[in-house]
Amino acid sequence: MVCGGFTCSKNSLCVLNLLYIMVSLLLIGVAAWGIGFGLISSLRVVGVAVAVGILLFLIALVGLIGAIKHHQVLLFFYMIILFLVFVVQFSVSCASLALNKDQQDQLLEVGWNHTNGAHTDIERSLNCCGFRSYSKNDTCGATCAPDCHTCAPIIESHAAEVLRVVGGIGFFFSFTEILGVWLTYRYRNQKDPRANPSAFL
């Protein structure tokens, strides 16, 4: 049988959704591992990672059940949701790859100002205090306190590389999502050879 047939499309869609399930479980596991070993103390960061992992798990589960049962409604909603995830992820990936140095610095400063719970973790792991300025009266989680460098130059030196890697990974996974949309569209319109010929759709 040719790989464009019903069985090959079904198996390809199942494998793709199993890959998404493994990625989602890995994301949830890494978040739990980070908080369990004390690497991350910000519940907001862990909460976002776990929420994204659960959302990806549920989407992949809908796709897997729809592929196994050849369920038209589940496959339709899976295809729509996966396309929306593709649009968002592709946009974010392109934006992270296109940021220039000034935009990166501005984004890092806004991020620093909105993550008060993670300041101590960042200062402790990078051994720095404050973002652009630090006074001896400020609290700092670093071991070098009170004679520390600020965190901005250290973070900015790694920001371009991190954004490039994150953008590249997001770019790669966005194309697996569009592949999933295409496979789902093809699979929905194929006839199950084991089914009753008069019961198609």
Side-chain angles (χ1 to χ4, degrees), residues 9 12-35 37 39-67 74-115 117-118 121-122 125-126 131 151-152 154-187:
S9 296
S12 300
L13 206 52
C14 288
V15 167
L16 187 66
N17 284 300
L18 287 173
L19 174 73
Y20 288 153
I21 286 174
M22 289 188 332
V23 168
S24 69
L25 292 175
L26 181 71
L27 190 60
I28 295 169
V30 166
W33 175 77
I35 204 162
F37 281 98
L39 300 174
I40 305 169
S41 65
S42 172
L43 291 178
R44 182 181 294 175
V45 172
V46 173
V48 168
V50 169
V52 168
I54 290 172
L55 180 68
L56 181 60
F57 182 81
L58 292 175
I59 292 170
L61 195 63
V62 166
L64 188 63
I65 293 169
L74 283 179
L75 288 171
F76 175 76
F77 283 112
Y78 171 73
M79 186 172 61
I80 297 298
I81 292 169
L82 203 61
F83 181 74
L84 293 175
V85 170
F86 162 75
V87 169
V88 170
Q89 189 168 342
F90 185 78
S91 303
V92 169
S93 299
C94 289
S96 67
L97 290 171
L99 286 176
N100 63 28
K101 181 90 168 89
D102 294 334
Q103 291 169 329
Q104 287 175 16
D105 294 346
Q106 183 180 7
L107 185 66
L108 289 172
E109 190 159 4
V110 167
W112 180 270
N113 292 334
H114 285 78
T115 56
D121 291 336
I122 296 169
S125 63
L126 297 178
F131 190 69
C151 295
I154 300 169
I155 295 172
E156 288 167 358
S157 67
H158 299 292
E161 181 183 349
V162 168
L163 283 172
R164 192 172 59 248
V165 169
V166 167
I169 291 171
F171 208 61
F172 170 75
F173 274 105
S174 67
F175 283 109
T176 66
E177 289 158 3
I178 203 68
L179 173 70
V181 170
W182 177 73
L183 278 171
T184 306
Y185 177 76
R186 279 184 50 140
Y187 182 61

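Just so it is clear, the structure is predicted and the values come from calculations on it, not from any experiment.
- Side-chain atoms of V181 and F86, non-hydrogen and from C-beta on, never get closer than 4.5 Å to each other.
- Between I21 and A60, the shortest heavy-atom contact is CG1-CB, 3.5 Å.
- In this structure, the side chain of Q103 engages the main chain of N100 through a donor-acceptor pair within 3.5 Å.
- To the nearest 0.5 angstrom, F171 atom CZ is 7.5 Å from S93 atom OG.
- Looking only at atom types and distance, the side chain of Y20 has a donor-acceptor partner in the side chain of T176 under 3.5 Å away.
- The shortest non-hydrogen separation linking A67 to Y187 is O-OH, 2.6 Å.
- For the atom pair OG of S174 and CD1 of I169, the computed distance is 12.0 Å after rounding to the nearest 0.5 Å.
- The two atoms that bring S96 and G167 nearest to each other are OG-CA, 3.2 Å, heavy atoms only.
- Put simply, CG on L183 and CD1 on I178 are 11.0 Å apart, with the number rounded to the nearest 0.5 Å.
- The number of heavy-atom neighbours closer than 6.0 Å to CD of E156, taken from other residues, nucleotides and ligands shown, is above 12.
- Among all heavy-atom pairs drawn from Q104 and L163, the shortest one is CG-CD1, 3.6 Å.
- The CD atom of E177 sits 8.5 Å away from the CD1 atom of I59 when rounded to the nearest 0.5 Å.
- Residues L27 and V23 are not in side-chain contact: their nearest non-hydrogen atoms beyond the backbone lie 4.5 Å or more apart.
- In this structure, the separation between OG1 on T184 and CD1 on I80 is 10.5 Å, given to the nearest 0.5 Å.
- L13 CG to M79 CE: the interatomic distance, rounded to the nearest 0.5 Å, is 11.0 Å.
- Contact between I155 and I122 at its shortest, heavy atoms only, is CD1-CG2, 4.1 Å.
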Take F131 and L108 through the side chain to side chain contact (heavy atoms under 4.5 Å, CB included) test and state the conclusion after the steps. CA-CA 9 Å; F131 190 69; L108 289 172; 4.0 Å; yes
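- Between N17 and G63, the shortest heavy-atom contact is ND2-C, 3.5 Å.
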